[in-house]
Protein chains: 2
Amino acid sequence: MSGEIPALLGMAFHAVMEEVHVRLAEEGFDDVRPAHGFAFQYLSVRGGATAVELGEHLGVTKQAAVQLVDELERRGYVERRPHPTDRRARVVVLAARGWACVERVVALWAETERRWAALVGAERLTALRDDLSAFVTAAGSPPIRPLW
Amino acid sequence: MSGEIPALLGMAFHAVMEEVHVRLAEEGFDDVRPAHGFAFQYLSVRGGATAVELGEHLGVTKQAAVQLVDELERRGYVERRPHPTDRRARVVVLAARGWACVERVVALWAETERRWAALVGAERLTALRDDLSAFVTAAGSPPIRPLW
DNA sequence: AGATGTAGTCAAGTAGCTTGACCAAACAGG
DNA sequence: CCTGTTTGGTCAAGCTACTTGACTACATCT
């Protein structure tokens, strides 16, 4: 049957994210939504960002970004620090709880990959990763938004 | 790097859906949202459904489902017919415009697969499809929700 | 026939965004 | 320098796609 791969991609992706969501909730991270994860990932690789930068990355307005940061700060996932050179701006960085959450997601993803390797073999899984990389690269990887 | 496959799945899926969305809009289907596509797929394989059934399948309340059907009916994607045996119920079926949209999505997905086959080869693509199927089956394919 | 369940409706509330107006700090050019 | 423009963040109001809750009419079970 031709044309079913996109559907399978969606279902596989959804299955991973659903499981991660459930497992995180069991471990106490019961208040994280998809958009939060995408923000965490951005903050973890950049080390910090202003609300405006975060909004651009997430593809939402700065007002929405600020609101998201407010919520994450209230829940202890991020902290706001004064910007070193710009007195208007504040830098958002991951707090301990935010880092802990990121680490759990990384571990759960790795666990999923191990299960998948057991199902289809390490070589097939490597091929799958390479192929997906090729597709994403070919697509130009515009606004990535994994949108878990 | 271990654990990156889930991210690649998300990015690849997002890339397909983004392109389909843009192409559909160019072809006049500029008023379809992700949830609509999922409803179309359900209606096309079942041949019809009540608003309540549709809501259960989409994972939303019946009120939300009715609202969605109202909108799709107004835009000519679906029709409501009296239920043959239950005078309370009405059956929602795809209208011509709905079928046309479904056909375009199927064609665009097939086109994407051909492009991917050109990138990595037909055998690799077949392997990828089989492997994704295995993952989805292993996950138990709970509420599928491709959620484009 | 009566009790219970179900399809759909009506009404009100909510979450997560949006647009628009604004202020204060930053910055670029004469 | 000052002066005009850009930019980070805030305040306020509105919108959309949902939600919960109460209700009606028909269906179904006993």
Side-chain angles (χ1 to χ4, degrees), chain A residues 14 17 21 25 29-40 42-43 46-75 77-93 143 145-148, chain B residues 14 17-18 21 25 30-40 42-43 46-75 77-93 143 145-148:
Chain A
H14 182 260
M17 287 317 164
H21 183 75
F29 300 111
D30 55 342
D31 49 3
V32 283
R33 290 179 295 108
H36 299 158
F38 197 50
F40 289 172
Y42 185 64
L43 293 175
R46 297 226 344 172
T50 66
V52 169
E53 288 166 341
L54 197 51
E56 281 166 4
H57 184 243
L58 295 173
V60 298
T61 60
K62 59 186 176 177
Q63 294 91 326
V66 165
Q67 199 170 299
L68 187 123
V69 171
D70 286 343
E71 193 186 330
L72 290 176
E73 190 180 37
R74 230 181 306 116
R75 296 180 178 171
Y77 287 100
V78 304
E79 286 174 12
R80 282 197 242 232
R81 297 187 181 161
H83 192 287
T85 64
D86 188 335
R87 267 184 300 162
R88 296 168 305 175
R90 290 198 288 172
V91 179
V92 180
V93 296
R145 302 210 68 179
L147 42 73
W148 23 329
Chain B
H14 182 259
M17 288 315 164
E18 184 62 27
H21 183 76
D30 56 340
D31 48 4
V32 284
R33 289 180 295 108
H36 299 158
F38 196 50
F40 290 172
Y42 185 65
L43 293 176
R46 295 231 341 173
T50 66
V52 169
E53 288 167 342
L54 197 51
E56 280 166 4
H57 185 243
L58 296 172
V60 299
T61 59
K62 57 185 178 178
Q63 293 93 326
V66 165
Q67 197 171 300
L68 187 123
V69 171
D70 285 343
E71 192 185 331
L72 291 177
E73 190 179 38
R74 232 182 305 115
R75 296 179 178 172
Y77 288 100
V78 303
E79 286 173 13
R80 281 197 244 232
R81 298 185 180 164
H83 192 286
T85 64
D86 189 335
R87 268 184 300 165
R88 294 168 305 176
R90 289 198 288 172
V91 180
V92 180
V93 296
R145 302 210 68 177
L147 42 75
W148 24 322

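Lettering follows sequence order; numbering is per chain, from 1.
- Note on A:Arg87: a side-chain N or O is less than 4.0 Å away from OP1 or OP2 of C:dA26.
- The backbone N or O of B:Glu73 lies less than 3.5 Å from no partner atom in the side chain of B:Arg80, so there is not a single donor-acceptor pair.
- Ranked by how close their nearest DNA chain D nucleotide is to the 5' end, B:Asp86 and A:Asp86 are led by A:Asp86.
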task: Evaluate the side-chain contact (heavy atoms from CB on, under 4.5 Å) criterion for residues B:His83 and B:Thr85: first the C-alpha distance (whole Å), next the side-chain angles of each, then the deciding distance (0.1 Å), finally the verdict.
output: CA-CA 6 Å; B:His83 192 286; B:Thr85 64; 3.2 Å; yes
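- Between A:Ala64 and A:Arg88, the residue anchored nearer the 5' end of DNA chain C, judged by the nucleotide with its closest heavy atom, is A:Ala64.
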- request: Give the B/S/- string for nucleotides 10-15 of chain C, one per nucleotide from 5' to 3', where a protein heavy atom under 4.0 Å of the base yields B, of only the sugar-phosphate yields S, and otherwise -.
  value: B-----
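- Close approach of DNA chain D to chain A, defined as any atom under 4.0 Å from a non-hydrogen atom of the protein, starts and stops at D:dT7 to D:dC11.
- Rounding to the nearest 0.5 angstrom, the gap separating the CG atom in A:Leu72 from the CZ atom in A:Arg33 is 8.0 Å.
- Taking for each of A:Thr61 and B:Lys62 the nucleotide of DNA chain C with the nearest heavy atom, the 5'-most of the two is the partner of B:Lys62.
- In this structure, CZ in B:Arg46 is found 9.0 Å from NE2 in B:His57, a value given to the nearest 0.5 Å.
- To the nearest 0.5 Å, atom CD of residue B:Gln63 and atom CG of residue B:Leu68 are 13.5 Å apart.
- B:Thr50 contributes atom OG1, which lies 9.0 Å from atom CG of B:Asp86 (distance to the nearest 0.5 angstrom).
- Note that CG of A:Asp31 is 8.0 Å distant from CD of A:Glu71, once rounded to the nearest 0.5 Å.
- Taking every heavy atom of both residues into account, B:Pro84 and B:Val91 meet most closely at CD-CG2, 4.2 Å.
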